[in-house]
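To start, the structure under review is shown below, and the notes come after it.
Protein chains get the first letters and strands the later ones, always in sequence-line order, with residue 1 at the start of each. Keep in mind that this is a model prediction, so the values were computed, not measured. Only heavy atoms go into these numbers, but all of them, side chains included; no hydrogens, no water, no symmetry mates.
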Number of protein chains: 2
Amino acid sequence: MLTIGKLGQQAGVKVPTIRYYEQIGLLPEAERSAGNQRLYSRKSLERLAFIRHARDLGFTLEAIRDLLSLSDRPDQSCAAADAIAKAQLAEVESRLARLTALKAELERMVLQCAGGRIADCRVIEVLGDHSLCATDHSHPEPELSS
Amino acid sequence: MLTIGKLGQQAGVKVPTIRYYEQIGLLPEAERSAGNQRLYSRKSLERLAFIRHARDLGFTLEAIRDLLSLSDRPDQSCAAADAIAKAQLAEVESRLARLTALKAELERMVLQCAGGRIADCRVIEVLGDHSLCATDHSHPEPELSS
DNA sequence: CTTGAAGCTATAGTTGCTAGAGACATTAGG
DNA sequence: CCTAATGTCTCTAGCAACTATAGCTTCAAG
Ligand SMILES: [Zn+2]
Ligand SMILES: [Zn+2]
Ligand SMILES: [Zn+2]
Ligand SMILES: [Zn+2]
């Protein structure tokens, strides 16, 4: 059995984060020692490592909650899990597209500035006027699904 | 003079967001009409458009606060403004690198899954074991706003 | 047996908004 | 001029996913 500190070390997750995951029901309530300290099994470590890895891949806690409950039913079809992963891939691709446009625009700004006074600064000028931009990088509207 | 609603329309910023910007001191306190409603000048619109554009380019409100106060001193050197933009570019580049790795990993996961039971699902398997990953995507992501 | 690290709970703060309640102001139509 | 609809006001709370603080208790080493 592991203390919360050891568990955190082994999974690469900070101690308060583990308690937070328990609080929101992503991890089950831990066993307690005689002195009321949390104790974790090897299985808890696996579950936490799963969460950590999914977080590293950008999944939301809600998606992870679903993935965990799916992984608890090994005989069911994995279609739902695959759908979650595909949605995450789509999300990453759309962010990537947006960031690529941002990068181009920021590079242009930085390169065009000759480095004089604020009054002549291309950075300030472009920030004040999107029509000086080459790309469209406006915030995507929240999509209203029927 | 514009009401807050007109200002919001023209700048592409929602009304509560404008009030929020005022509250945190990013916009100065607005003039008020006889009936206590906020009134804005053409200058306010420029300032708000600046903020909006900088947000669209991913700058934090803190960075925007600095950029705004720089733009109020047109005779000073623009080095500080350029530095902020360069830092933002670096930030975007690092996110881009990370997201590119995530995309590759998610694509691998999704492609490798043959689509059977959860017990054999490659998505679930890889999420449980980072050593099955081809790339290193360790550090968490500072979620870019919507 | 003492001391310092590690653990406990509970609360509040972070970023950048967004949503709601309940009251007042303004405007267009009849 | 009255009314209904919209717009605006303040205030509060909520979202994600933690992180930090305060003030305790418990544990392990020396
Ligand atoms: Zn410059
Ligand atoms: Zn632009
Ligand atoms: Zn699968
Ligand atoms: Zn991995």
Side-chain angles (χ1 to χ4, degrees), chain A residues 1-27 29-40 44 48 51-68 88 91 95 138-144, chain B residues 1-27 29-40 44 48 50-68 88 91 95 139-146:
Chain A
M1 295 301 246
L2 303 159
T3 63
I4 197 171
K6 301 289 181 193
L7 178 72
Q9 273 179 1
Q10 302 212 18
V13 176
K14 286 175 193 153
V15 166
T17 304
I18 299 173
R19 290 197 279 247
Y20 168 70
Y21 288 162
E22 177 181 316
Q23 191 194 305
I24 63 168
L26 202 58
L27 291 176
E29 290 197 14
E31 278 182 67
R32 297 300 180 113
S33 72
N36 198 37
Q37 302 197 347
R38 288 175 181 80
L39 292 178
Y40 295 93
S44 316
L48 183 55
I51 296 173
R52 168 77 214 267
H53 195 205
R55 284 298 294 135
D56 280 351
L57 286 162
F59 289 88
T60 65
L61 293 184
E62 256 321 288
I64 294 171
R65 200 188 291 278
D66 294 345
L67 288 167
L68 281 170
Q88 175 60 16
E91 172 67 30
R95 278 196 220 165
S138 58
H139 261 45
E141 306 255 343
E143 119 178 356
L144 308 169
Chain B
M1 292 303 245
L2 304 160
T3 64
I4 197 171
K6 302 285 182 196
L7 178 72
Q9 272 179 0
Q10 302 212 19
V13 175
K14 286 175 191 152
V15 167
T17 303
I18 298 173
R19 289 198 279 248
Y20 169 71
Y21 288 162
E22 178 181 315
Q23 191 193 306
I24 63 167
L26 203 57
L27 291 175
E29 290 196 16
E31 278 183 69
R32 298 298 181 117
S33 72
N36 197 38
Q37 302 196 345
R38 289 175 180 81
L39 291 178
Y40 296 92
S44 315
L48 183 54
F50 184 103
I51 295 172
R52 166 80 214 264
H53 195 205
R55 284 297 294 136
D56 281 350
L57 286 163
F59 289 89
T60 65
L61 293 183
E62 256 321 287
I64 294 171
R65 198 188 291 278
D66 293 345
L67 288 167
L68 281 169
Q88 175 61 13
E91 174 67 29
R95 277 189 213 164
H139 207 275
E141 189 177 351
E143 315 261 340
L144 178 59
S145 66
S146 74

Flag the pair A/Tyr21 / A/Ile64 as yes when at least one side-chain heavy-atom distance between them is below 4.5 Å, and no otherwise. no
Hey, is the side chain of A/Arg38 poking within less than 4.0 Å of OP1 or OP2 on C/dT9, counting only N and O atoms? yes
Is the distance from OP1 or OP2 of C/dT9 to the nearest side-chain N or O of A/Arg19 less than 4.0 Å? no
To the nearest Å, how far apart are A/Ile4 CD1 and C/dA6 C1'? 11 Å
Test side-chain contact (heavy atoms from CB on, under 4.5 Å), reference A/Arg38, set A/Leu7, A/Ile4, A/Thr3, output is A/Ile4
Output the rounded distance in Å from CZ (B/Phe59) to P (C/dG16). 13 Å
Can you establish whether the number of heavy atoms outside A/Gln10 located under 6.0 Å from its atom CD is more than 12? yes
Quick check on DNA chain D: between B/Val15 and B/Gln23, whose nearest nucleotide comes earlier from the 5' end? B/Val15
Considering just the side-chain nitrogens and oxygens of B/Thr3, establish if one lies under 4.0 Å of OP1 or OP2 belonging to D/dT8. yes
Whole angstrom value for the distance that separates P of C/dC17 from CG of B/Asp56: 10 Å
Rounded to the nearest 0.5 Å, how far apart are CG of A/Leu27 and CZ of A/Arg19? 12.5 Å
Restricting both atoms to N or O, compile the protein contacts to nucleotides 18-24 of chain D shorter than 3.5 Å, with distance only.
residue : atom : partner : partner atom : Å
D/dC18  : OP2  : A/Tyr21 : OH           : 2.8
D/dC18  : OP2  : A/Arg55 : NE           : 2.9
D/dT19  : OP2  : A/Thr17 : OG1          : 3.3

Roughly how many Å is it from CD1 in A/Ile24 to P in D/dC15, rounded to a whole number? 12 Å
Starting at the 5' end of DNA chain C and moving along, which residue's nearest nucleotide shows up first, B/Ser33 or A/Lys6? A/Lys6
For B/Glu22 and C/dC17, what is the distance between atoms CD and C1' respectively, to the nearest whole Å? 16 Å
Run A/Glu62 and A/Arg65 through salt bridge (charged side-chain N to carboxylate O under 4.0 Å, His left out) and show every step you take. CA-CA 5 Å; A/Glu62 256 321 288; A/Arg65 200 188 291 278; 2.9 Å; yes
Rounded to whole Å, the OH-C1' distance (B/Tyr40 to D/dG7) equals 14 Å
D/dT10 C1' sits how many Å from B/Ile18 CD1, rounded? 16 Å
Please give, in whole Å, the distance from C/dA23 C1' to B/Asn36 CG? 12 Å
Taking atom CG of A/Leu48 and atom CD of A/Glu22, what is their separation to the nearest 0.5 Å? 11.5 Å
Quick one: does any side-chain atom of A/Gln88 pair with a main-chain N or O of A/Gly58 as donor and acceptor, under 3.5 Å? yes
Nearest of C/dC8, C/dG16, D/dC9 to any side-chain atom of A/Gln37? C/dC8
